[in-house]
**Q** 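Please find one structure pasted underneath; my questions will follow.
Here the structure is a predicted model, which means the values were calculated and not measured. So you know, we letter chains A, B, ... as the sequences are listed, proteins then strands, and number each from 1.
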Amino acid sequence: MSKFRTHTCGELNIKSKNTNVSISGWLNKKRDHGNLLFLDLRDNYGITQCVIDKESKSFKDLEKIPLETVLKINGTVLQRSDETVNKDLSTGEIEVKINSHEILGLTKELPLPVFTDQEYSEEIRLKYRFLDLRRKKIHKNIILRSKIISFIRMEMEKMGFLEFQTPILTSSSPEGARDFLVPSRLNPGKFYALPQAPQQFKQLIMVSGFDKYFQIAPCFRDEDARADRSPGEFYQLDIEMSFVDQNDVFNVIEKLMTKVFTKFSTKKMLYEKFPRIKYSEALKTYGSDKPDLRNPLKIYDLTDVFTRDDVKFEIFKKLLKKGSIVRGIVTKQTIDQPRSFFDNIDKWAKSEGASGLAYFSIEKDKNISGKGPIGKFFSENALKEIMEISSAEIGDSIFLACGPIKEVEKILSLARDKLAKDLNLIDENTFAFCWIVDYPMFEEDDQTKKIKFSHNPFSMPQGDINNLNLSKPLDIKAYQYDIVCNGIELSSGAIRNHIPDLMYKLFKVAGYEKKEVDIKFSGMINALSYGAPPHGGIAPGIDRIVMLLAGEKNIREVTMFPMNQNAQDLMMNAPSEVDQNQLKELNIEIKKK
RNA sequence: GGGGGUGUAGCUCAGUUGGUUAGAGCACGUGCCUGUCACGCACGGGGCCGAGGGUUCGAGUCCCUUCACUCCCGCCA
């Protein structure tokens, strides 16, 4: 028996009636009736109500003890009378009558209360994270995270995957995100980099013949934060498999995700077999390569309509001549929405940096006509063409954006979310997964106009790999895919290029000479030259999976000790200045600003 | 690097058109209360109104600068 307790605070029930017990925990809440005092004692497992009256010798002490003091209570389990049962507590049928108590841990005045569900400023929560983590909701989230991770481990092992650790101190790679660097004492002037992902290592594991690998892997990227993106570090379920094609990877992930999401949530899975959407299709139909498929709205290309002579909307027609395109979103039966609904959308679009969203609704009196600010610019025949292209019907509204293709895609993607939210079109009780496939191997850099890898330099190009048309690199697709759930990108992955000759060729297109590849990717290119199996994998983000399952919008709600937006740990005071001697050993001088 | 929001008591927030001594709930302190479970009641302590500058007879409130937190854009192979 423990020195501190016979039971936890979530354990006692009517079966222990009239026995003597000890429980330990935090004083969650006090209700002082003067001659009768109730104390709620809380630990990881639950809350137990303790009661004491004026006659007991502990009464005077306990009355004065502040909330969040850690106490040991010795007492007798009593059955509560019917009227005083608390159905919200697992221990609500009993209470512990206090015989004696012991203070195990004192508290100073609290910077934030623990017992409420109130929202608190991020600053105070992060500084006193240990207090914040005692609170019910986030405490539950962190436990959920632990359970999800062990479940995933179990399922991966069942499917024959082996878990391996890979180095944390490794080398910087030129492609991708900004690296975190660690200076080397033994190699003055040289730096390790923290891995952005164990990408090269997991491929090396395949070359080493281990066949199926996974790891709950920490990844480090020195990029700016977002609500769904921690600064600094995050965790991936890193997976790699040998002798597989794209479908084999999809099968493993679909099976795993379905299991995880049905076990840890009561929300419905919209698709059992995840739809596969080509990257180019996704951009056209959703304006984004991470579409929220719970959202029924689609985007239609209406550029051709604006070349008609019986369409008189001159602003768009002029832009068209300069190479702009027109695309639109149809909302069903919104003609009777108040003017403010439409104006708000237009105003919102301007606040997002677009030149606004033109709109009109389709009505029919004798003839079909356009209603709204730009409705008059369309002939009946032009409207019919629009209705055919977009499946719009009488009573529907159409929101239009005109401009360069990338800008139109961007604003309509955001407008799709905004409209669905305003019109309440999203079923919050579902998970909609999809695959985005057929990513281009290369893309053009917006600023430098140079050809660069669009996703991952190690991906296998599609088509006849012996006769790739490298003169048109932008046409080459890769076996590169993303998995998306409810508009959140969970992961990208690829079938890898395991043929060194082909890799040199592709790197050359992106401006890397053979020598450079040999130096910067030495570990991998060397390994691929000694008999590499065809292989591929994926790496779903653990934090985002937990976020979806916990129903949270912010990744800090499922991260135990997160940093703030400026990549600072307010509790531990990181990053911090270091001793001159430490710098000297590392041959580092700080340049003063 | 850029744009938006927020900043008032330990915590969460109100504070009107610029006008007397800056308020409430929770927490904390004192007292009353034997069945509460966000217990109730009374009283009390607690404020550099984020910081600096300006306008004004007068600034929590208006203007400028700056800092912190947050959301977004850029960035994130």
**Q** Show me the donor-acceptor pairs within less than 3.5 Å that the side chains of residues 105-113 of chain A make with the rest of the protein, sequence neighbours left out.
**A**
none

**Q** Tell me which of A:K64 and A:N86 sits closer to the 5' end of RNA chain B, going by the nucleotide each one is nearest to.
**A**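 Its nearest nucleotide being more 5', the pick is A:K64.
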**Q** Between A:K505 and A:D501, does any side-chain N to carboxylate O distance fall below 4.0 Å?
**A**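 A:D501 and A:K505: not salt-bridged.
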**Q** Name the orientation class of the two ring planes belonging to A:Y279 and A:Y439 (parallel below 30°, tilted from 30 to 60°, perpendicular beyond 60°).
**A**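 Rings of A:Y279 and A:Y439: tilted, as their planes differ by 30° to 60°.
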**Q** Both distances under 3.5 Å, Watson-Crick or G-U wobble: report the partner of B:rG46, or none.
**A**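 Result: none.
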**Q** Look through every strand shown and name the nucleotide pairing with B:rC39 as Watson-Crick or G-U wobble, where both distances are under 3.5 Å.
**A**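 Partner of B:rC39: none found under 3.5 Å.
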**Q** In the strands shown, is B:rG1 matched to any nucleotide by a Watson-Crick or G-U wobble pair with both distances under 3.5 Å, and which?
**A**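 Answer to the pairing question: B:rC73, which forms a Watson-Crick or G-U pair with B:rG1.
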**Q** Please compare A:D40 and A:S173 by the position of their nearest nucleotide in RNA chain B and report the one closer to 5'.
**A**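 Closest to the 5' end, via its nearest nucleotide, is A:D40.
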**Q** Looking at B:rC62, which nucleotide sits across from it as a Watson-Crick or G-U wobble partner, both distances under 3.5 angstrom, or is there none?
**A**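 Its partner is B:rG54 (Watson-Crick or G-U wobble, both distances under 3.5 Å).
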**Q** Mind checking who B:rU12 pairs with, Watson-Crick or G-U wobble, both distances under 3.5 Å?
**A**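 Base-paired to B:rA24.
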**Q** Categorize A:S81 for me: base, sugar-phosphate, or nothing, with a 4.0 angstrom heavy-atom threshold over every strand shown.
**A**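 Touches nothing.
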**Q** Could you check which of B:rG35, B:rG1, B:rU12 has an atom nearest any side-chain atom of A:F38?
**A**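 Output: B:rG35.
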**Q** Which part of the nucleic acid does A:N564 contact within heavy-atom distance under 4.0 Å: base, sugar-phosphate only, or nothing?
**A**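 Sugar-phosphate, backbone atoms only, no base.
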**Q** At 4.0 Å (heavy atoms only), tell me whether A:K410 reaches a base, stays on the sugar-phosphate, or touches nothing.
**A**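 Sugar-phosphate contact only - A:K410 comes under 4.0 Å of backbone atoms but never of a base.
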**Q** Is a salt bridge present between A:K30 and A:D32, judged by a nitrogen-to-oxygen distance below 4.0 Å?
**A**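 Looking at A:D32 together with A:K30, the answer is no, because their closest N to O distance does not fall below 4.0 Å.
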